[in-house]
Structures are given as structure tokens and as C-alpha cells.
Amino acid sequence: MRVLCHYLLLCVIAASTTGLSAQDEAQGEKYPVRGGFHFQLQLGWGYGPTSGGLFHNMEIGGTLRKSKTTIALDHTFIQSKGFAMPAGGEHLVGGWMLMVKQPVWNNRLVAKGAAGLGGIHDQTDGIKATAGLGISYGLDYDLPLFQTSGITLSLQFLHAFIPRHHFWGALGVGYTFF
């Protein structure tokens with residue numbers, strides 16, 4: 001837990017002390033420049049009634065240059081076993097979903113929503129997966145270090161219906177190729 005907190009703090013400090021200058025922004029497009037290949041990897045901390053622990057989010061897809069809309073495959077989960085699993089909670093809650101993202105303010109705040117496969121893993125003796133419907137949504141705030149990539153701060157929520165409702169919310173820090 002202490003290592004994760006230090007990682008998150010270092011990412012925030014790096015984002016606030018580096019990056020593109022105001023002169024760079026005045027000379028070209030409003031940063032970040034979005035279009036083409038999209039990849040994001042984040043780590044953080046998440047919690048819900050049935051899960052709590054390490055938050056992981058990975059997106060891979062593409063961004064349409066004119067509309068700045070991103071379409072990606074999203075793999076997101078909370079790993080509770082070995083972290084902060086609530087009594088009677090799940091070892092892992094997550095999903096594989098089709099995600100759509102769109103900048104909503106200043107080209108840096110991005111709304112995202114996804115739907116697809118949601119599920120839980122019982123890791124008592126190996127991995128036993130139970131699948132259902134997954135819905136995820138949230139906000140990313142991008143801090144460009146370069147024109148097409150930078151650090152991302154994220155708030156994300158996931159609902160998995162298997163048929164019981166599982167829910168978590170998470171804060172993450174990662175790196176994104178816009």
C-alpha cells in the first residue's frame with residue numbers, strides 16, 4: 001500500500017512540474033493532440049461493498065482525429081485478494097468492455113463510458129470466473145508531457161451484474177497515448 005501511495009504521489013508531482021509550456025500551446029494546436037493510436041495504462045486504489053484494493057485500467061484502441069472520439073477495448077478491475085478485501089467480498093471484480101471516450105472541457109477532461117463483459121473471479125483455489133453484464137463510466141484528466149501523450153488522472157466506476165450487483169469506484173494515475 002505504501003509503495004502504491006508513493007507511485008501515485010510521484011506521478012502527480014511529475015505531471016505538475018513537467019510538460020508543455022504556454023509558448024508551445026500558443027504556437028500550435030490546443031494540447032493534447034488526439035488522433036490515431038490510443039493506449040492507456042493506470043494503477044490506483046478502488047473500493048466498493050464487495051471489493052477493495054488495487055485498481056487496474058488498460059485501454060487500447062484508436063481516436064478519430066476530427067471528432068476526437070476514442071473507441072477502445074477496456075480491461076478494468078479491482079484486485080481485492082491480498083489487498084483490502086471486505087469480509088465476504090470478492091477476490092476480483094472487473095470486466096472487458098467496449099469503451100467510447102470524448103473530451104468535454106478544455107480538451108483535457110475526458111468523459112468515458114463502456115459496456116460489455118463484467119465479472120468476478122474467485123481465486124481461492126486457482127481462478128474461477130463468473131461472467132455477466134459490465135458497465136463502466138468515469139472521467140479522465142490529461143496532463144500532456146508531449147503533444148500526443150502524458151499523465152492521466154482518473155475517476156472510474158464499474159457495475160457488474162452477475163446476477164447480484166457488484167460495484168466499485170476508483171482513483172487512478174497512469175500514462176496515456178492520446
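These values consider heavy atoms only, across backbone and side chains, with no hydrogens, waters or symmetry-generated copies.
- The two residues Val93 and Trp168 have their closest heavy-atom pair at O-NE1, 3.3 Å.
- Between the CD atom in Gln102 and the CG atom in Leu64 there is a gap of 9.0 Å [rounded to 0.5 Å].
- Taking all atoms of both residues into account, the shortest heavy-atom contact from Phe83 to Gly52 is CB-O, 4.1 Å.
- The distance from atom CG of Leu98 to atom CG of Leu73, rounded to the nearest 0.5 Å, is 7.5 Å.
- Only one option out of Thr152, Thr70, Asp140 pairs with Thr176 in a side chain to side chain donor-acceptor pair (under 3.5 Å); it is Thr152.
- Annotation: Phe157 is not in aromatic contact with His159 [ring centroid separation under 6.0 Å not met].
- Between Arg65 and Val33 there is a side-chain heavy-atom pair separated by less than 4.5 Å.
- Note on Val173 and Leu139: same hydrophobic cluster, where clusters join Ile, Leu, Val, Met, Phe, Trp and Tyr whose side-chain heavy atoms are under 4.5 Å apart, directly or indirectly.
- Here CD1 of Ile127 is found 8.0 Å from CG of Leu92. Values are rounded to the nearest 0.5 Å.
- Using a distance-only test at 3.5 Å, with no hydrogens or angles considered, no donor-acceptor pair links the side chain of Thr63 to the main chain of Lys68.
- Using cut-offs of 30° and 60° on the angle between ring planes, the pair Phe39 and Phe37 is parallel.
- Remark: the backbone N or O of Gly119 is not paired with any side-chain donor or acceptor of Glu90 at under 3.5 angstrom.
- For Thr130 (side chain) and His121 (main-chain N/O), no donor-acceptor pair under 3.5 Å exists by modelled atom type.
- With Asp122 contributing its side chain and His91 its backbone, the two residues share no donor-acceptor pair below 3.5 Å.
- The two residues Asn107 and Pro32 have their closest heavy-atom pair at ND2-O, 2.6 Å.
- Taking the six-membered ring for Trp and thresholds of 30 and 60 degrees, Phe161 and His165 have nearly parallel ring planes, at less than 30 degrees apart.
- The closest side-chain donor-acceptor pair between His38 and Glu59 falls under 3.5 angstrom.
- Separation of atoms CD1 (Ile71) and CE (Met99) is listed at 12.0 Å; rounding is to 0.5 Å.
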Chi angles and distances behind the side-chain contact (heavy atoms from CB on, under 4.5 Å) call for Gln40, Lys112: CA-CA 13 Å; Gln40 180 183 91; Lys112 57 185 181 178; 3.7 Å; yes
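- Placement of Ile120 and Met97 within a single hydrophobic cluster is found when ILVMFWY residues are connected by side-chain heavy-atom separations under 4.5 Å, directly or transitively.
- Considering all non-hydrogen atoms of both residues, Gly132 and Ile162 come closest at N-CG2, 4.2 Å.
- Taking a cutoff of 4.0 Å between a charged side-chain nitrogen and a carboxylate oxygen, Asp142 and Lys101 do not qualify as a salt bridge.
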Step-by-step side-chain contact (heavy atoms from CB on, under 4.5 Å) determination, Arg34 to Thr69: CA-CA 9 Å; Arg34 299 182 188 279; Thr69 301; over 6 Å; no
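- Taking CD1 of Ile78 as the reference point, atom OH of Tyr47 lies at 11.0 Å (rounded to 0.5 Å).
- Between Leu155 and Leu171, some side-chain heavy-atom pair lies under the 4.5 Å cut-off.
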Residues Ser136, Asp74; criterion side-chain contact (heavy atoms from CB on, under 4.5 Å); working and verdict: CA-CA 9 Å; Ser136 176; Asp74 182 36; 4.2 Å; yes
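- Smallest separation of non-hydrogen atoms from Ala131 and Leu117: CB-CD1, 3.5 Å.
- Listed here is the closest heavy atom pair of Val104 and Ala111: CG1-CB, 3.8 Å.
- The distance from atom OH of Tyr175 to atom CG of Leu145, rounded to the nearest 0.5 Å, is 5.0 Å.
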